[in-house]
Amino acid sequence: MFDLTKEWNLSFAGCGFLGIYHIGVASCLLEQAPYLIKGATKIYGASAGSLSASMLASQASIAKCCEDVIETAKEARKRNLGPLHPSFNLVKVIRSGLERDLPTDAHTLASGRLCVSLTRVSDGQNVIVSEFKSKEELIQVSVPTQPTWAAIHKTYPKIMAEICQSGYKDALRFLEENHLLKLECPTAGPNLSEAACCKPIAMETTKNWMFWRLRVLRKQHWCLDEQIVDNLPTQLKKVFCEACQQKPGLYAQVSEMLPVRVASYMLLPCTLPVVSAYSVGKR
């Protein structure tokens, strides 16, 4: 049984490309038991878990954090070797998202409360950093903690939505079993069909709604599958709905054609050294 009369901490462990699972957990805590986050003495984060920890400690938008993870996967998928391709700069992608999404006073909000686990290069010892002099310093600490997400290029938005919902449901089960819910009968918010970004703003008649529903289902939009996103908060449903609606550009469509993909793999021995040299020089 969880004892609320004593101090408690929150900890997000390292999990590589499954960091989207942490986002599901964090969204559940924010929606169903925000007092657990507000009253936590410390919020710990290691590796990919430091992103969710930083987001909670600095009161950043969880929806924006989710968008960043999806964008990272999309960037990795653009390359033949995924995140292992020399032109893919994971640190740059993550840094860009943190600079955009963290509030200007993130370091002030996080100092003394956010604890990020690092490994010191000089002697290989573990170090816990909890004081940040600026937003840039907070970003620098969060970025070195990230692993090479070797499997992220194989993770589609649909799979990421399923993993995210698993995190939400597991956290909700923990809250229920320990009687920690702020509401006796928690709900997951409006139904996706009522809140999805792909739904037209005005639905004057039932007939129009039915035509919209049939059109969306015919396109096989997985974002309407209640088994995938039904438990998630509306803001995260919208993020995954937008990912579901996005169509690949002309270049992406051409590059996905089998002859083009085969040719690009065959040319890798020639192109890879050039790209590697360019990437190293640029960095």
Side-chain angles (χ1 to χ4, degrees), residues 2 4 7-72 94-95 97-118 128-132 134-146 160 163-175 178 180-183 186 188-189 231-237 239:
F2 193 87
L4 292 176
E7 291 187 354
W8 66 85
N9 302 317
L10 297 178
S11 178
F12 293 87
C15 58
F17 76 101
L18 291 178
I20 193 74
Y21 177 91
H22 283 326
I23 293 178
V25 172
S27 68
C28 180
L29 295 178
L30 286 169
E31 184 178 60
Q32 304 291 354
Y35 68 90
L36 286 178
I37 298 173
K38 186 177 180 179
T41 304
K42 301 287 185 181
I43 301 179
Y44 292 91
S47 191
S50 65
L51 290 179
S52 296
S54 298
M55 180 272 298
L56 291 178
S58 63
Q59 302 174 21
S61 168
I62 191 171
K64 291 295 184 181
C65 185
C66 185
E67 290 177 3
D68 291 341
V69 176
I70 294 176
E71 184 62 29
T72 302
I94 295 176
R95 171 181 286 276
L98 291 175
E99 290 175 345
R100 180 178 60 251
D101 300 335
L102 291 182
T104 54
D105 62 343
H107 59 290
T108 302
L109 296 170
S111 289
R113 193 157 180 255
L114 171 66
C115 300
V116 180
S117 176
L118 301 174
I128 303 296
V129 179
S130 60
E131 296 294 333
F132 313 96
S134 64
K135 177 180 175 180
E136 174 60 25
E137 185 173 306
L138 173 59
I139 292 175
Q140 288 180 353
V141 170
S142 299
V143 170
T145 64
Q146 303 310 313
M160 298 180 79
I163 296 173
C164 187
Q165 174 156 262
S166 294
Y168 186 100
K169 292 169 68 175
D170 288 345
L172 182 61
R173 186 182 305 112
F174 171 83
L175 295 176
N178 290 274
L180 296 173
L181 289 172
K182 68 170 184 176
L183 301 174
N231 291 94
L232 295 177
T234 301
Q235 56 181 339
L236 291 189
K237 288 181 180 180
V239 172

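These numbers come from the heavy atoms of this one structure, side chains and all, not from hydrogens, waters or symmetry mates.
- Atom CD of residue Gln140 and atom CG of residue Leu118 lie 11.5 Å apart, to the nearest 0.5 angstrom.
- The two residues Pro233 and Glu31 have their closest heavy-atom pair at CB-OE2, 3.8 Å.
- Proximity of Leu172 to Leu181: side-chain heavy atoms (C-beta onward) are separated by under 4.5 Å at one or more points.
- Tested against Tyr44 for a side-chain contact (heavy atoms from CB on, under 4.5 Å), the candidates Ser130, Cys115, Ser117 yield a single pass: Cys115.
- When all heavy atoms of Val116 and Phe132 are compared, the closest pair comes out as CG2-CZ, 4.4 Å.
- Here the CZ-NZ distance, from Arg100 to Lys64, works out to 7.0 Å after rounding to the nearest 0.5 Å.
- Here the straight-line distance linking atom OH of Tyr168 with atom CG of Leu30 works out to 10.0 Å at 0.5 Å rounding.
- What you find for Arg113 and Ala57 is that their closest heavy atoms are NH1-CA, 4.4 Å.
- Looking only at distances, a side-chain donor or acceptor of His22 sits under 3.5 Å from a matching main-chain atom of Ala13.
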Derivation of the side-chain contact (heavy atoms from CB on, under 4.5 Å) call for Leu232 and Val239: CA-CA 11 Å; Leu232 295 177; Val239 172; over 6 Å; no

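- Here the closest non-hydrogen pair linking Ala48 and Gly19 is CB-CA, 4.5 Å.
- Considering only heavy atoms from C-beta on, Lys38 stays 4.5 Å or farther from Pro34 through its side chain.
- Across every non-hydrogen atom of Pro103 and Lys135, the tightest pair is O-CD, 3.6 Å.
- By the 4.5 Å heavy-atom criterion applied to side chains, Ser52 and Val25 are not counted as neighbours.
- Contact annotation: the side chain of Leu114 never approaches that of Leu109 to less than 4.5 Å [non-hydrogen atoms, C-beta and beyond].
- With a 4.5 Å cut-off on side-chain heavy atoms, Phe12 and Leu51 do not count as touching.
- Of the inter-residue distances, the one linking Leu138 atom CG with Ser58 atom OG reads 6.5 Å to the nearest 0.5 angstrom.
- One distance of note links SG of Cys164 with NZ of Lys169; it measures 12.0 Å at 0.5 Å rounding.
- Heavy atoms only, all atoms of each residue included: Cys65 and Met55 are closest at CB-CG, 4.3 Å.
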Ile23 vs Ile62, side-chain contact (heavy atoms from CB on, under 4.5 Å): CA-CA, chis, key distance, verdict: CA-CA 7 Å; Ile23 293 178; Ile62 191 171; 3.8 Å; yes

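- Taking OG of Ser111 as the start and CG of Asp105 as the end, the distance is 10.5 Å to the nearest 0.5 Å.
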